[in-house]
Amino acid sequence: MIYSPFPMRVVSKRAEAPGVNTLKLEFVKEEDHEFFKQNYKTGMFGLYGIFGEGESTFCVASPETRKDYIECTFRQSGRVTSTLANVDAGDIVTFRGPYGNRFPIEQFEGKNLLFIAGGIALPPTRSVIWSCLDQREKYKDVTIVYGARTVADLVYKDELDEWKKRDDVRLVLTVDPGGETPDWQDHVGFVPTVLEQAAPSPENTIAVLCGPPIMIKFTLVALQKLGFTAENVYTTLENRMKCGVGKCGRCNVGSVYICKEGPVFTAAEVQAMPQADL
Amino acid sequence: MSEPFEPKIVAFVCTYCTYAGADLAGTSRLKYAPNVRIVRLPCTGRISPMFILKALQKGADTVLVSGCHPGDCHFTAGNYHARRRWTVFRALLAFTGIPEERIRFSWVSAAEGAKFAEMINEITEQTRKLGPFTQYQELQKVIETQSTY
Amino acid sequence: MTRILLRNKLDDCIAAWQKAGFSVFAPVRQHEMSSFGEVQKASDMAFDLVLPERTIKDHFFPQTEPLIKYKIGKQQIDSETMTPPDRKRVFFGVRPCDASGLAIDDPLFGWDYKDDYWFRRRDNSVIVTIVCTEADDFCMCTSVKLSPESDKGADVMLRPLANGAGWQVEAVSERGTALLETIPSLLQENSEPTAPVPQVAEKFDLEKVMEWLASKENFESQFWKDISLRCVGCGSCTFLCPTCHCFDIQDEGDTYAGIRRKNWDSCSFSLFTMHTSGHNPRNTQSTRWRQRIMHKFNYYRGKFGVNSCSGCGRCTRQCPVDMGITETLQAISNLPR
Amino acid sequence: MGIQEQYRSEAAALLSSGEVKLVIGFGEGSTADRRRPLFARTPEEAQKFVLDAACIANLSTYLVTEGLLSDGKKVAVFLKPDGIRSVNILISEAQLKPDQVVILGYAIDKAEITALEGRNISDFSLGEEIRSHTPPPHILQEAERIEEMNPAERFEFWKAHFSKCIKCYACRQVCPMCYCRRCIVDVNQPQWVSTSSHTLGNFEWNIVRAFHLAGRCAACGACDRACPVNIPLRLVNYRMGKEVIDAFDYCAGENSSQKPVLASFKQDDPETFIL
């Protein structure tokens with residue numbers, strides 16, 4: 001039935017940042033897993049739930065190249081996320097999905113990739129990053145620009161280290177002014193500024209940009225300055241959702257249902273939407 | 001044969017007086033009916049009418065609300081405020097069809113262990129006579145079944 | 001020559017349908033409210049209504065619907081999907097606008113993911129409409145290009161006879177033909193004239209309205225603020241609308257057990273779109289009212305080719321502050337070009 | 001000059017002098033017997049005001065619109081005595097500043113409509129009138145009929161009515177006293193009142209709302225008229241109003257300085273029901 005979720009077992013929980021956790025989930029039923037394997041593409045989202053509290057929407061943070069499990073990273077804020085943040089390994093939660101569209105990464109082949117993320121928006125970006133890094137030979141230069149408010153707010157710290165060590169990835173890390181620690185070695189500054197300094201070439205490059213609305217707004221300006229066209233910038237939108245399948249009527253921005261036609265859009269598509277509805 | 005009816009009584013009590021009174025009943029080895037479930041709260045002023053409604057919905061046959069005698073409130077006036085609220089809430093429940101006997105109110109001080117024990121016995125007996133409070137429970141059952149449409 | 005069903009045969013008709021396994025629903029008056037309810041005999045029905053206060057939507061997309069029953073144990077969580085009752089139903093005496101409402105919502109509930117709860121009920125139901133003989137001040141079907149004798153969403157269409165003795169009967173779908181096959185002896189050949197269909201004046205120029213709505217610069221027009229100033233933000237227009245379909249999913253229960261339910265929700269409510277972060281894309285009543293109108297007369301049309309309004313007029317009829325789709329669209333229609 | 005013309009020109013004068021930024025009154029409705037709230041910001045718009053016996057809505061509900069009065073400017077509003085009563089309650093609950101509201105008062109007696117003297121809330125002394133005011137006979141009769149029922153019958157009566165509730169919250173939205181920015185039913189940690197509109201959830205919602213209005217209701221009947229499924233909310237609100245008079249000699253909205261009844265107490269409040 002349409003609104004029935006898959007039961008998922010919690011494999012592990014990892015604290016990422018204050019109030020931010022990553023859950024690694026595995027399928028309880030093989031047929032559910034089979035369905036997921038056939039349908040999941042990077043960029044899609046799901047409704048993660050726990051009976052008694054409800055469901056909450058966030059992206060699948062694990063890449064399409066690793067479908068044995070689902071990872072999700074979320075900030076503890078409402079009723080559902082507060083409960084999800086308190087589960088332990090072995091607990092059963094639920095997953096409904098994967099829903100929505102995806103990043104067309106096969107179209108990115110042979111191109112340079114620029115990933116830009118802010119704060120808690122690294123998870124959707126990370127899904128694409130690994131999907132591409134796991135097939136590294138298909139893509140040219142990979143640049144990742146990631147910023148958070150403070151050093152503590154950076155998520156996936158292990159993976160950041162890993163990317164930093166790789167010589168086939170250029171990682172630009174930054175924290176907002178005032179968010180640095182005494183031993184912080186990387187940039188201090190807002191993402192758009194740091195991005196402009198890093199000055200990646202727009203030549204044959206696709207940008208994937210995820211972050212809070214205010215960051216997106218200014219980063220788009222920076223990208224434009226660097227010579228990127230809105231058609232070559234991909235981003236994800238999120239809105240409150242309940243059904244995830246285009247029925248419940250709350251996620252639309254103008255005529256666009258984020259859950260069915262999104263969450264992945266090019267910046268050009270986002271600019272065509274009524275901005276007042278975002 | 002169905003099980004004989006055992007009343008379920010939920011008591012919302014303030015910790016300073018009635019809870020201490022119930023404690024005294026226990027330490028004094030006064031016997032009172034085991035049908036009561038005591039929920040301890042800081043003050044009668046903290047007892048929201050929602051608590052009473054929820055208890056009735058979730059299967060309580062009678063609800064008891066009890067706290068310090070007027071003038072004895074640990075927080076000076078919590079029970080005076082509570083008293084006004086109860087007056088109104090009691091009238092409201094009665095008007096919407098919940099028998100008044102299903103919600104009982106009392107003042108029991110920390111020294112009144114005997115009063116507490118007697119009262120619980122009396123309420124239990126009265127509830128036994130009234131029988132189970134089925135009105136909300138039946139509505140609860142309805143929502144647990146398939147959609148009626 | 002056409003077939004007619006006499007009013008005095010209605011009891012037999014209900015009995016025949018019940019015998020064929022149908023539950024029969026019709027407009028009824030109960031506890032100071034008119035709605036569709038199950039009937040056993042013709043006298044249970046309320047025929048004098050222009051339109052019941054509640055729509056037929058209630059019986060396909062109920063105000064609250066159990067989806068999943070769950071039990072939370074120490075070791076495991078058990079869940080069980082709940083399904084709507086699998087029963088055959090005849091809806092008798094539906095007005096064309098209400099029937100159209102069902103047809104309008106079908107593509108939405110079937111959009112890639114099929115909403116089983118809706119379609120199981122749709123598939124098991126036969127809609128018998130009665131063409132209107134009366135319209136009130138709020139009826140506006142003609143304004144949205146439907147009519148008091150539209151057969152959209154209907155399986156059988158009845159036209160009241162002029163003498164009031166019964167209805168001319170016409171099956172307009174296969175399901176309708178099959179339904180009439182259960183009552184062959186109750187129908188008779190007759191050529192009684194039918195009662196005239198009321199003239200419902202067009203209240204606005206729909207083409208012009210849609211054109212105005214489609215124009216991007218009007219999205220942030222002051223018009224929306226002015227027209228929705230008195231909206232108090234309740235959900236009665238959406239809940240009594242035959243086409244509004246928005247819902248919420250809520251878990252309801254206690255620590256040990258409960259039910260996940262699909263409940264009506266309304267775009268008029270401020271919490272409808274509010275993010276957990278506190279950001280609300282539609283944070284004023286004017287943006288919410290704009291959403292409702294745009295959704296009905298622009299977005300829905302773009303996706304499914306129809307406007308999401310069947311012109312029943314309930315939104316205006318029962319609005320506590322006398323707002324409604326009619327007034328807004330009239331105002332748009334009257335804007336200088 | 002009739003009262004309608006008098007108030008039109010008064011509203012226009014208030015606006016043109018800049019004394020108020022907005023006048024909330026009534027305009028023509030979608031049918032001959034309907035009137036709808038009308039907001040005038042200019043003297044010209046004030047000419048559209050209608051005032052007659054069909055103007056029964058309690059416009060004070062708009063005074064608590066978020067942000068309306070936060071600029072400190074004044075608003076004028078057409079109010080019947082029940083609306084003035086609402087304003088008193090709102091002031092006593094610190095939701096309004098008395099000087100921000102200019103009242104264009106009127107009273108309806110059958111088809112007759114008369115102007116009320118005074119423009120500031122302090123000009124109106126309603127105490128006598130409210131206390132001596134008896135609700136319409138049909139409400140009294142209905143309420144009495146319910147009181148005479150036994151509890152089981154009463155429960156069935158309300159069950160039948162509450163089962164119709166669709167939780168559209170029209171009752172709450174039109175009520176001047178329901179000014180909470182986030183209603184208890186919209187609070188979900190924990191979810192005290194179920195949002196589902198099944199009969200049990202509807203009992204919960206309607207009981208909680210009635211309780212929250214106890215001793216605060218101005219008896220304007222807005223909720224009752226707004227209810228699209230015709231639940232007789234007037235009865236339960238009337239019953240609550242009667243209770244606070246009988247038990248505490250308290251009448252909501254008599255003046256703007258009274259303390260809210262459930263936020264105050266007397267040491268000798270009645271307690272016959274307490275063991």
Side-chain angles (χ1 to χ4, degrees), chain A residues 1-5 7 28 47 49-57 74-83 90-94 96 99 120 212-214 237-261 272-278, chain C residues 67-68 70-72 75-83 108-109 111-118 216 219-220 244-258 260 262 265-267 271-282 287 290-291 294-295 298-303:
Chain A
M1 296 286 275
I2 180 165
Y3 305 111
S4 302
V28 173
L47 284 98
I50 188 150
F51 280 116
E53 304 299 337
E55 292 178 315
S56 192
T57 319
F74 55 92
R75 187 187 298 281
Q76 182 180 336
S77 47
R79 179 175 164 192
V80 179
T81 46
S82 298
T83 318
D91 285 355
I92 299 292
V93 298
T94 64
R96 200 148 64 73
Y99 294 139
I120 184 73
I214 189 76
L237 289 182
E238 40 185 66
N239 250 350
R240 186 168 182 177
M241 293 177 195
K242 285 290 180 175
C243 72
V245 289
K247 315 266 182 263
C248 81
R250 74 196 62 224
C251 72
N252 56 326
V253 175
S255 65
V256 180
Y257 278 69
I258 304 296
C259 67
K260 286 281 280 111
E261 296 154 80
M273 296 175 192
Q275 301 301 300
D277 231 7
L278 280 167
Chain C
L67 298 179
I68 300 163
Y70 56 84
K71 270 205 183 83
I72 303 166
Q75 302 300 322
Q76 61 174 46
I77 297 174
D78 298 317
S79 66
E80 177 199 338
T81 299
M82 296 178 82
T83 52
L108 179 278
F109 282 114
W111 188 24
D112 293 353
Y113 299 87
K114 204 170 164 192
D115 188 311
D116 314 294
Y117 296 87
W118 172 269
K216 275 202 172 156
F219 193 78
E220 292 191 57
C244 273
H245 53 256
C246 292
F247 60 85
D248 187 12
I249 296 177
Q250 282 283 339
D251 283 12
E252 197 180 282
D254 52 34
T255 325
Y256 309 106
R260 181 164 289 175
K262 177 180 164 194
D265 204 346
S266 167
C267 59
L271 285 186
F272 187 63
T273 48
M274 177 126 106
H275 294 192
T276 334
S277 65
H279 171 66
N280 193 347
R282 295 195 276 274
T287 56
R290 175 181 67 198
Q291 162 68 15
M294 287 296 282
H295 191 225
N298 181 290
Y299 308 156
Y300 202 84
R301 176 167 208 89
K303 295 230 157 11

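In what follows, chains carry the letters A, B, and so on, assigned in the order in which the sequence lines appear, proteins first and then strands, with residues in each chain numbered from 1.
- A salt bridge links A:K242 with C:D248: the closest approach of a Lys/Arg side-chain nitrogen to an acidic carboxylate oxygen falls below 4.0 angstrom.
- In this structure, the separation between NE2 on C:H275 and OG on A:S77 is 11.5 Å, given to the nearest 0.5 Å.
- Proximity of a side-chain donor or acceptor of A:R250 to a complementary backbone N or O of C:D265 within less than 3.5 Å is not detected.
- For the set C:L67, C:D115, C:N280, the count of heavy-atom pairs under 4.5 angstrom toward chain A peaks at C:D115.
- Heavy atoms closer than 4.5 Å to chain A are found in both the backbone and the side chain of C:I249.
- To the nearest 0.5 Å, atoms NZ (A:K247) and CZ (C:F109) are separated by 8.0 Å.
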List the steps and the verdict of side-chain contact (heavy atoms from CB on, under 4.5 Å) for C:T273 and A:M241. CA-CA 8 Å; C:T273 48; A:M241 293 177 195; over 6 Å; no
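- No part of C:Q76 comes within reach of chain A, as not one of its non-hydrogen atoms sits under 4.5 angstrom from that chain.
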Could you give me the CA-CA distance, side-chain angles and deciding distance for A:Y257 and C:Y299, then say whether ring-ring contact (aromatic ring centres under 6.0 Å, His included) is met? CA-CA 10 Å; A:Y257 278 69; C:Y299 308 156; 8.4 Å; no
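- Interface remark: A:I50 contributes backbone atoms only to the contact with chain C (heavy atom separation under 4.5 Å).
- Across C:C246 and A:G249, no two heavy atoms sit closer than the pair SG-CA, 3.7 Å.
- Under 4.0 Å is where a charged nitrogen must lie from a carboxylate oxygen, and between C:K303 and A:E261 at least one such pair does.
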Test side-chain contact (heavy atoms from CB on, under 4.5 Å) on A:F51 and C:K71 and set out the steps. CA-CA 8 Å; A:F51 280 116; C:K71 270 205 183 83; over 6 Å; no
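- Proximity to chain C (any heavy atom under 4.5 Å) is restricted, for A:R79, to the side chain, taken from C-beta onward.
- Between the side chain of A:R240 and the main chain of C:M274, a donor-acceptor pair closer than 3.5 Å is present.
- Within the 3.5 Å criterion, the main-chain N or O of A:M273 finds no donor-acceptor partner in the side chain of C:K216.
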Before you tell me yes or no, could you show the steps for C:R282 and A:D277 under side-chain contact (heavy atoms from CB on, under 4.5 Å), namely the whole-Å CA-CA distance, both residues' side-chain angles and the distance that decides it to 0.1 Å? CA-CA 6 Å; C:R282 295 195 276 274; A:D277 231 7; 3.5 Å; yes
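- Ranked by non-hydrogen atom pairs under 4.5 Å with chain C, the options A:E55, A:E53, A:K260 are led by A:K260.
- For a residue to count as touching a neighbouring chain, one of its non-hydrogen atoms must lie under 4.5 Å from one of that chain's; by this rule A:Q275 does not touch chain C.
- For the residue pair A:Y3/C:D116, the side-chain donor-acceptor check at 3.5 Å is not satisfied.
- In this structure, chain C has heavy atoms under 4.5 Å from both the backbone and the side chain of A:N252.
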